[in-house]
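We name chains A, B, ... by the order of the sequence lines, and we start the count at 1 in each one.
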Amino acid sequence: MPHVQASDFQKILLNWAQSQGRHDLPWQIDPSPYRVLVSEIMLQQTQVATVIPYFERWMKLFPTLKDLAIASEDEVMSLWQGLGYYSRARNLQKAARYIIDDCGGDFPSELEDLEAIPGVGRYTAGAIRSFAYDHYGPIVDGNVRRLFSRVFAIEGLANQSAYQKQLWFIAEHLSPAQNCRDFAQALLDMGATLCKAKSPACERCPLQQDCLAYQQQQVALFPSPKPKKVLPLRHETYLWVEQQQQLLLVKRPSPGIWAGLWCLPQLEATTVLEPKASDLSFQHTFSHYKLKASVRHQQSIPPSELDTRWLNKDELVNVGLATPIRKLIEKHWR
DNA sequence: AATTCGGGGTC
DNA sequence: GACCCAGAATT
């Protein structure tokens, strides 16, 4: 059990957030279930400053759940281009169609029903409950994990279930039945602006006297640093096939990296080519491997099961392109 | 329980 | 470079 009374914890956070919290984020204006859903999906593993322009563009093109449901996949993916974790975009459109087709257009409001939405897990379900409905909705994300692990001196790695279980137990215990929206926002704001991963601002923290890690002068030891591993290196070969001002692109299959995005055709991994002076190349680092790629000029490609399209330069803006591929094209086309 | 999904911000 | 970010789905 936490060593701080839930009511005291709530008062401290709500009081702090009133004067020090964030109140002008785009998704805090008219926090409808749809707007909260979109923002929360975009914010998964993605920083607030990165999301803001994507969120604004998205709401302009897809103002309602229905607009999203009837959009084309290319429209959706092109708006998500550059944001990463592209299954989020495909799941978000699935979510819109699911709510319209299977929920009769009524946006779910119970935690269990929210978690049944494609792309919505335990955190996002709690966030939608809190932010859209202002109902009880515990949340544990990276901010909350850091805050709780310090205040309550909980050791563990993010991917360990026993550790997660403790964090969720505390979240459920501390989350109020009133002021749910403000409390959830306060948790995130505390984690994002005070209880930061690096150089936390303990001197300004209203929980300083209650924080076990601070009392033990071990704030820097929480949460436990995850063991670093060397990213494996992969070599891939892509093909540059150009005819009459048009470039041949293929749609990346799902599952897999860049699924749903358009990309240069990729050579089979088993095929090995001798390097040529005319080859282009690029490097790219993903979260779990490092890519060294070469790009070979060719006249044609062998038949493929994948969707293929010839695009001229003007049409490139209308589709989702893998970011390093887009950069390569912009750099080398003409 | 461990992996697979991205890409940019930041130091 | 290394680390981090309003995690979820899959294996």
Evaluate the side-chain proximity of A:Q185 to A:F183: yes if any heavy-atom separation is below 4.5 Å, no if none is.
no
Residue whose closest nucleotide on DNA chain C lies nearer the 5' end, A:P255 versus A:D141
A:D141
By nearest-nucleotide position on DNA chain C, the 5'-leaning member of A:V48 and A:I117 is A:V48
Closest nucleotide among [options] to the [X] side chain:
X	options	answer
A:K229	C:dA6, B:dG8, B:dT3	B:dT3
A:Y86	B:dG6, C:dA6, C:dC4	B:dG6
A:T124	B:dC5, C:dA6, C:dG7	C:dG7

Using the P atom in both, what is the distance from C:dA8 to B:dG8, to the nearest Å?
23 Å
With rounding to the closest Å, how many angstrom separate the C1' atoms on B:dG6 and C:dC4?
13 Å
Is the shortest side-chain N/O distance from [X] to OP1 or OP2 of [N] below 4.0 Å?
X	N	answer
A:Y289	B:dT3	no
A:H284	B:dG7	yes
A:K327	B:dG8	yes
A:W258	B:dG7	yes
A:K290	C:dG1	yes
A:Q45	C:dG7	yes

Applied to residues 66-82 of chain A, the salt bridge (Lys or Arg N to Asp or Glu O under 4.0 Å) test, sequence neighbours excluded, yields A:E73-A:K251, A:D74-A:R309
Acceptor/donor pairs from residues 190-198 of chain A side chains to any protein atom, 3.5 angstrom cut, sequence neighbours excluded:
unit_1, atom_1, unit_2, atom_2, d
A:T193, OG1, A:D189, O, 2.7

Using a cut-off of 4.0 Å on non-hydrogen atoms, how would the nucleic acid contact of [X] be classed: base, sugar-phosphate, or nothing?
X	answer
A:L92	nothing
A:S87	nothing
A:A197	sugar-phosphate

Give a yes-or-no answer on whether the side chains of A:E40 and A:Y123 include a donor-acceptor pair shorter than 3.5 Å.
yes
Side chains of A:N143 and A:D141 only: does a donor on one sit below 3.5 Å from an acceptor on the other?
yes
Take atom CD1 of A:I325 and atom P of B:dG6, then tell me their distance rounded to the nearest Å.
13 Å
d(CZ, A:R326; C1', B:dG8) in whole Å:
16 Å
How are the rings of A:F282 and A:Y238 set to each other: parallel, tilted or perpendicular (split at 30° and 60°)?
tilted
Quick one: the side chain of A:R145 and the base of C:dA6, do they pair up donor-acceptor inside 3.5 Å?
no
Can you tell me whether the side chain of A:T46 and the base of B:dG6 have a donor-acceptor pair closer than 3.5 Å?
yes
Could you go through the ring pair (Phe, Tyr, Trp, His ring centres under 6.0 Å) check for A:Y86 and A:W258 one step at a time?
CA-CA 7 Å; A:Y86 297 94; A:W258 297 330; 8.3 Å; no
Please compare A:Q160 and A:Y85 by the position of their nearest nucleotide in DNA chain B and report the one closer to 5'.
A:Q160
Nucleotide N/O of nucleotides 9-11 of chain B paired with protein N/O under 3.5 Å:
unit_1, atom_1, unit_2, atom_2, d
B:dG9, O4', A:Q47, OE1, 3.3

